[in-house]
Amino acid sequence: MAWFKRDKDSIQDPVPPEERRVRTEGMWEKCASCRKIIWKKDLDANWQVCPKCDHHFKLSAVRRLELLLDDGIWNEHDANLSSTDPLEFTDTRAYKQRLIDAHKKLGMRDAIITAEGRIEGRPAIVCAMEFGFIGGSMGAVVGEKVTRAIELATSKREPLVIVSCSGGARMMEGTTSLMQLAKVSGALSRLDDARLPYISVLTDPTTGGVTASYAMLGDLNIAEPGALIGFAGPRVIEQTIRQKLPAGFQRSEFLLQHGFLDAIVPRKELKAYLANALNFFLS
Amino acid sequence: MKNPKRASASPKRSFDNPKSALETLEQDLEALRLRTGLAVANPDELDRLRADVAALKREFYANLSPWQRTQLARHQNRPYPLDYIRLLFEDFSEIYGDRLFGDDSAMIAGMARFHGRPCVVLGQQKGRDTRQRLARNFGQAKPEGYRKALRVMRLAAKFGRPIFTLIDTPGAYPGIDAEERGQAEAIARNLREMMRLPVPILVTITGEGGSGGALAIAVGDRIHMLENSIYSVISPEGCASIMWRDAGKAELAAGALRITAPDLLSLGLIDEIIPEPEGGAHHDHVAAAALLDPVLVRNLDELDGLAVGQMLDRRYQKFRHMGQFFEELPV
Ligand SMILES: [Zn+2]
């Protein structure tokens, strides 16, 4: 991580304070919850959880797998699957260009990593969504990769964990994206028939077509604290009902209260929770 | 009698504005009728002109823009599920409520007979006037609607009755109460459960197939779309306001999203297009139902010929193969 180095350099460099300000820009993060300023490296060392107030920032798919899988090691599957841009969709920018930009930024071909690794010694299929890739949206590639992961869990008789972080179905692939909801949910019906555990982890945000398919179909549906979780986005609801939404609406705690989450688990306890739950299901 | 305009109005000619070409032809026809008077001096010419008009009309309706089809799909006189039920099914007996929270009148479900055979039929019901629209919540179901649908479909499965679903909704209702009662969970559960219900499921998109709220009763063995229906991940207006930040770009979005029946057939997402009477289903409900009926009969017959395991496997594979992607990195 190059910015660790730059950080050290800037401290050692005898630069005037105003110049240092410019050069250190981008190294700070203001916490959306407690408004305190945090060093980005501290935040990353703390798995993107605010050291001052425990606010959960978004965690990248790679870091998520490092958090959950033993020794930070996994076998990635289907990393080369990429979108065909079936509709040749263009709005203010070409979808093809958005895909290229996201790939350049993240080195990923689409918005999910599907992998096989171990959770406290137990082999598991684990998928982690990447919000940085077009809002973690689900098109044909995400739908296919998740379906293959579920089918692999079914055939290898291994438990499945999917960590969702998504704005929903990917508009730029049109109705094909919508059909991924049915495809993935269908694969989950077979995993269910095979009586294999599936734990769905909902993180901030999980909305739209991802919530209305695999994110809500776990044997356990658990969420990180304070995550936005819903079917319709808050703005759409506000426009429909023409009134302000109550505080805390569609947050993890709201869903728990209304009976749609089995537990809220802080990020640092997530791996232990998963290991324990899988032991309950499988040992 | 020679009509100099005739050649230029031939349906083979490519035209930018079929509507005005049609109007010109109709004016020609009227002029001819006036000139010939009651005697009809040249009946052959009159017949040819009439045939031209009919051909142009067919071509016009075959080449509607995605936005024009969206308007037809939403037409307030379009037949709704209760109209098709009245015209195609006998002895309909509505089943209300999800036995968990309440009844949802945006979703109708019930027992019926199809050509004498007991079945279950369900669909989203819009209202035709303001009072009905409010009562039906504009055809936007809440969780209790999807849960009622699943309850009735399970009843069909238990007693081995086929399921017909008729899709016509702008989408699942986006409101506080719907979220509180788990809109996403209700839809997700239906998707998973419909994939394994051991009875034939015949899905017909009759009007608007609005995203997850449509799909929640649209997982089945056969997916049919009426010629002027649409099926989309998001409404053209919603897409326009997000992607162009301008809801006025809906016409553009309707084209970009490829939501018409021919588009979806070519993308491999539906099985068959049901033709509509000339000018659209709203012109003639009886004719529209009559065009749908034989398709349902034929497909139910085909599904009857399959063992349950085979039928479920094909249902799974149908959705399994939706969506294309590159397997290897592009060079
Ligand atoms: Zn904080």
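The chains referred to below are lettered A, B, ... by the order of the sequence lines, with proteins before strands, and numbering in each begins at 1.
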Which one of [options] has the most heavy-atom pairs closer than 4.5 Å to chain A?
options	value
G238(B), G268(B), A256(B), A172(B)	A256(B)
L191(B), L264(B), I234(B)	L191(B)
G255(B), S241(B), S211(B), G209(B)	S211(B)
A240(B), A216(B), A188(B), G323(B)	A188(B)

Residue among [options] with most heavy-atom pairs under 4.5 Å to chain B:
options	result
S177(A), G186(A), A140(A)	G186(A)
P246(A), S213(A), P234(A)	S213(A)
I229(A), T176(A), L255(A)	T176(A)

Practice problem: Could you tell me which residues in residues 217-232 of chain B have at least one non-hydrogen atom under 4.5 Å from a non-hydrogen atom of chain A, sorted by residue number? | Solution: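 Expected list: V219(B), Y231(B), S232(B).
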Practice problem: Would you give the length of the straight line joining atom CD of E327(B) to atom CG of N80(A), rounded to the nearest 0.5 angstrom? | Solution: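 Reported value, rounded in 0.5 Å steps: 8.5 Å.
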Quiz item: Between CG of L269(B) and OG1 of T175(A), what distance do you get to the nearest 0.5 Å?
Solution: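 Interatomic distance, L269(B) CG to T175(A) OG1, rounded to 0.5 Å: 6.5 Å.
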Under 4.5 Å from any heavy atom of chain B, what part of [X] do you find: side chain, backbone, both or neither?
X	answer
T240(A)	side chain
T207(A)	neither
Y214(A)	neither
A79(A)	neither
E151(A)	side chain
N221(A)	neither

Are side-chain heavy atoms of [X] and [Y] found at a separation under 4.5 Å?
X	Y	answer
H321(B)	E144(A)	no
Y173(B)	I241(A)	yes
L257(B)	F89(A)	yes
L267(B)	L87(A)	yes

Which atoms of [X] are under 4.5 Å from chain A, going by heavy atoms: the side chain, the backbone, both sets, or neither?
X	value
R245(B)	neither
I176(B)	both
L252(B)	neither

Quiz item: If you measure from the Lys or Arg side-chain nitrogens to the Asp or Glu carboxylate oxygens, is any gap between R190(A) and D313(B) under 4.0 Å?
Solution: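 Yes.
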Quiz prompt | side chain to side chain contact (heavy atoms under 4.5 Å, CB included) assessment of L215(B) paired with M179(A) | solution = CA-CA 8 Å; L215(B) 185 64; M179(A) 292 307 132; 4.1 Å; yes
